[in-house]
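Only one structure is covered here, and it is reproduced in the block below.
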Amino acid sequence: MKLIFSFSFFALSSLSAKAAEEVQEDTYEYDLLVSELTGYGSPFLKGSSVVFTAKSDARYIGIAFDFEDFKQIHSFRLKKVYDIEGEVSNSFFFYILDLPKDIDEITYRLVVDGLWTTDPLNKNTVYNPSTGLTLSKLSLNRVKVPETEIRKADSSASNNGVVHFVYKGKAGQHIRLGGTFTNWDSWIYELTETEPGVYHIDLPLPPGTYYYAFYNGVISMVDTSNPERGYTADGKVASVITVK
């Protein structure tokens, strides 16, 4: 996560006086995906996420990816499935990858109890001659997922860009937008639900860098489709977008 800092006196004094209060991250889609997992199997694509699973006969399982040059190991989590009597009927490891943009194929390796290996649940492998390693391979047929992005203004005479804000969560909510462009008034703009759980609003903004968040009632949330984050003047973490 890339942080952009606002170097104002108030921001610095606020951060030095107390720990920054973060805008909440909406984990609804992640939690829903975890709840739907019932066992281990081949890795699969779900929306903008890839789900990896493994048997629970190891103490530790991690995964490393080519787009990170295999420098970071991400730990799997253990899920237990219970029967109607509350007894554990099944257990397995899982890891959910929030897929980076513009990646249609990934190679990866697992580390199982300290030993590197290919994924036994993925039969597709590729040999890397530069490293002499055999890697697991996953090709993705990605469908474009709605996300916050900057679009061109309708009129060529306008110097503004149109920011297409997107929020994804539960259906039937009233999602609002607030930021530095509204002086953090979150009651000016409300997003429109265009399909169940997907909310949009187009806002013309002049060139500049803007801090913003989505609001549901009194709860504020960062934009999960935009990885850019920054500290506001009162020490909170918000999403950041730059219109050029």
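Remember, predicted model here, so these are calculated numbers, not experimental data. These values consider heavy atoms only, across backbone and side chains, with no hydrogens, waters or symmetry-generated copies. Numbers for residues simply follow the sequence, beginning at 1.
R176 places a side-chain N or O within donor-acceptor distance of the main-chain N or O of G217, the cut-off being under 3.5 Å. Counting only distance, with no hydrogens or angles, the side chain of N128 and the backbone of L133 share no donor-acceptor pair below 3.5 Å. Of the possible polar contacts, none joining the S220 side chain to the A213 backbone as a donor-acceptor pair under 3.5 Å is found. With S75 contributing its side chain and G62 its backbone, the two residues share no donor-acceptor pair below 3.5 Å. Between the side chain of D83 and the main chain of E85, a donor-acceptor pair closer than 3.5 Å is present.
Y189 is connected to Y167 through a chain of hydrophobic side-chain contacts under 4.5 Å among Ile, Leu, Val, Met, Phe, Trp and Tyr, so both are in one cluster. Hydrophobic cluster membership is shared by I241 and I201, with clusters built from Ile, Leu, Val, Met, Phe, Trp and Tyr side chains linked at under 4.5 angstrom. Follow the hydrophobic side-chain contacts under 4.5 Å out from L78 and you reach F76 in the same cluster. L203 is connected to L191 through a chain of hydrophobic side-chain contacts under 4.5 Å among Ile, Leu, Val, Met, Phe, Trp and Tyr, so both are in one cluster. In the hydrophobic clustering of ILVMFWY residues, with side-chain heavy atoms under 4.5 Å counting as a link, Y30 and V81 come out together.
Residues T107 and D66 have side chains that bring a donor and an acceptor to within less than 3.5 angstrom of each other. In this structure, a donor-acceptor pair under 3.5 Å is present between the side chains of T209 and T242.
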Quiz item: Is there a side chain to side chain donor-acceptor pair (under 3.5 Å) between N226 and S239 once you walk through the steps?
Solution: CA-CA 7 Å; N226 176 9; S239 296; 5.0 Å; no

Quiz item: Are S136 and L110 close enough, and set up right, to give a side-chain contact (heavy atoms from CB on, under 4.5 Å), and what steps lead you there?
Solution: CA-CA 9 Å; S136 294; L110 298 182; 6.0 Å; no

Quiz item: Could you go step by step and tell me if W184 and Y211 meet the side-chain contact (heavy atoms from CB on, under 4.5 Å) rule?
Solution: CA-CA 9 Å; W184 290 105; Y211 292 62; 3.7 Å; yes

Practice problem: Dump the intermediate steps for ring pair (Phe, Tyr, Trp, His ring centres under 6.0 Å) on F165 and Y212, then the final yes or no. | Solution: CA-CA 10 Å; F165 291 96; Y212 69 97; 4.9 Å; yes

Practice problem: Determine, step by step, whether F181 and V243 satisfy the side-chain contact (heavy atoms from CB on, under 4.5 Å) criterion, reporting the C-alpha distance in whole Å, the side-chain angles of both residues, the deciding distance to 0.1 Å, and the verdict. | Solution: CA-CA 12 Å; F181 43 81; V243 179; over 6 Å; no

Practice problem: List the steps and the verdict of side-chain contact (heavy atoms from CB on, under 4.5 Å) for I63 and L97. | Solution: CA-CA 10 Å; I63 188 169; L97 169 68; over 6 Å; no

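Remark: of the listed residues F52, F70, F67, F52 is the sole one forming a ring-ring contact (aromatic ring centres under 6.0 Å, His included) with Y108.
The shortest side-chain heavy-atom distance between T224 and K168 does not fall under the 4.5 Å cut-off. Inter-residue side-chain proximity for N124 and S139 is flagged as unmet; no heavy-atom pair is nearer than 4.5 Å. Residues T192 and H200 have side chains not in contact (no heavy-atom distance under 4.5 Å, counting atoms from C-beta outward).
Once rounded to the nearest 0.5 Å, the distance linking NZ of K236 with CZ of R229 reads 15.5 Å. The distance from atom OH of Y210 to atom CG of L205, rounded to the nearest 0.5 Å, is 5.0 Å. Between D113 atom CG and Y60 atom OH the span is 10.0 Å, to the nearest 0.5 Å.
A ring-centre distance under 6.0 Å is not found for F214 and Y199.
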Run the side-chain donor-acceptor check on residues 34-43: report pairs under 3.5 Å with partners two or more places apart or on a different chain.
from : atom 1 : to   : atom 2 : distance (Å)
S35  : OG     : L32  : O      : 2.6
S42  : OG     : L121 : O      : 3.1

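Ring planes of F65 and H74: tilted class, angle from 30 to 60°.
Within the structure, every pair that satisfies the salt bridge (charged side-chain N to carboxylate O under 4.0 Å, His left out) test and touches residues 120-139, not counting sequence neighbours, is listed here: E105-K137.
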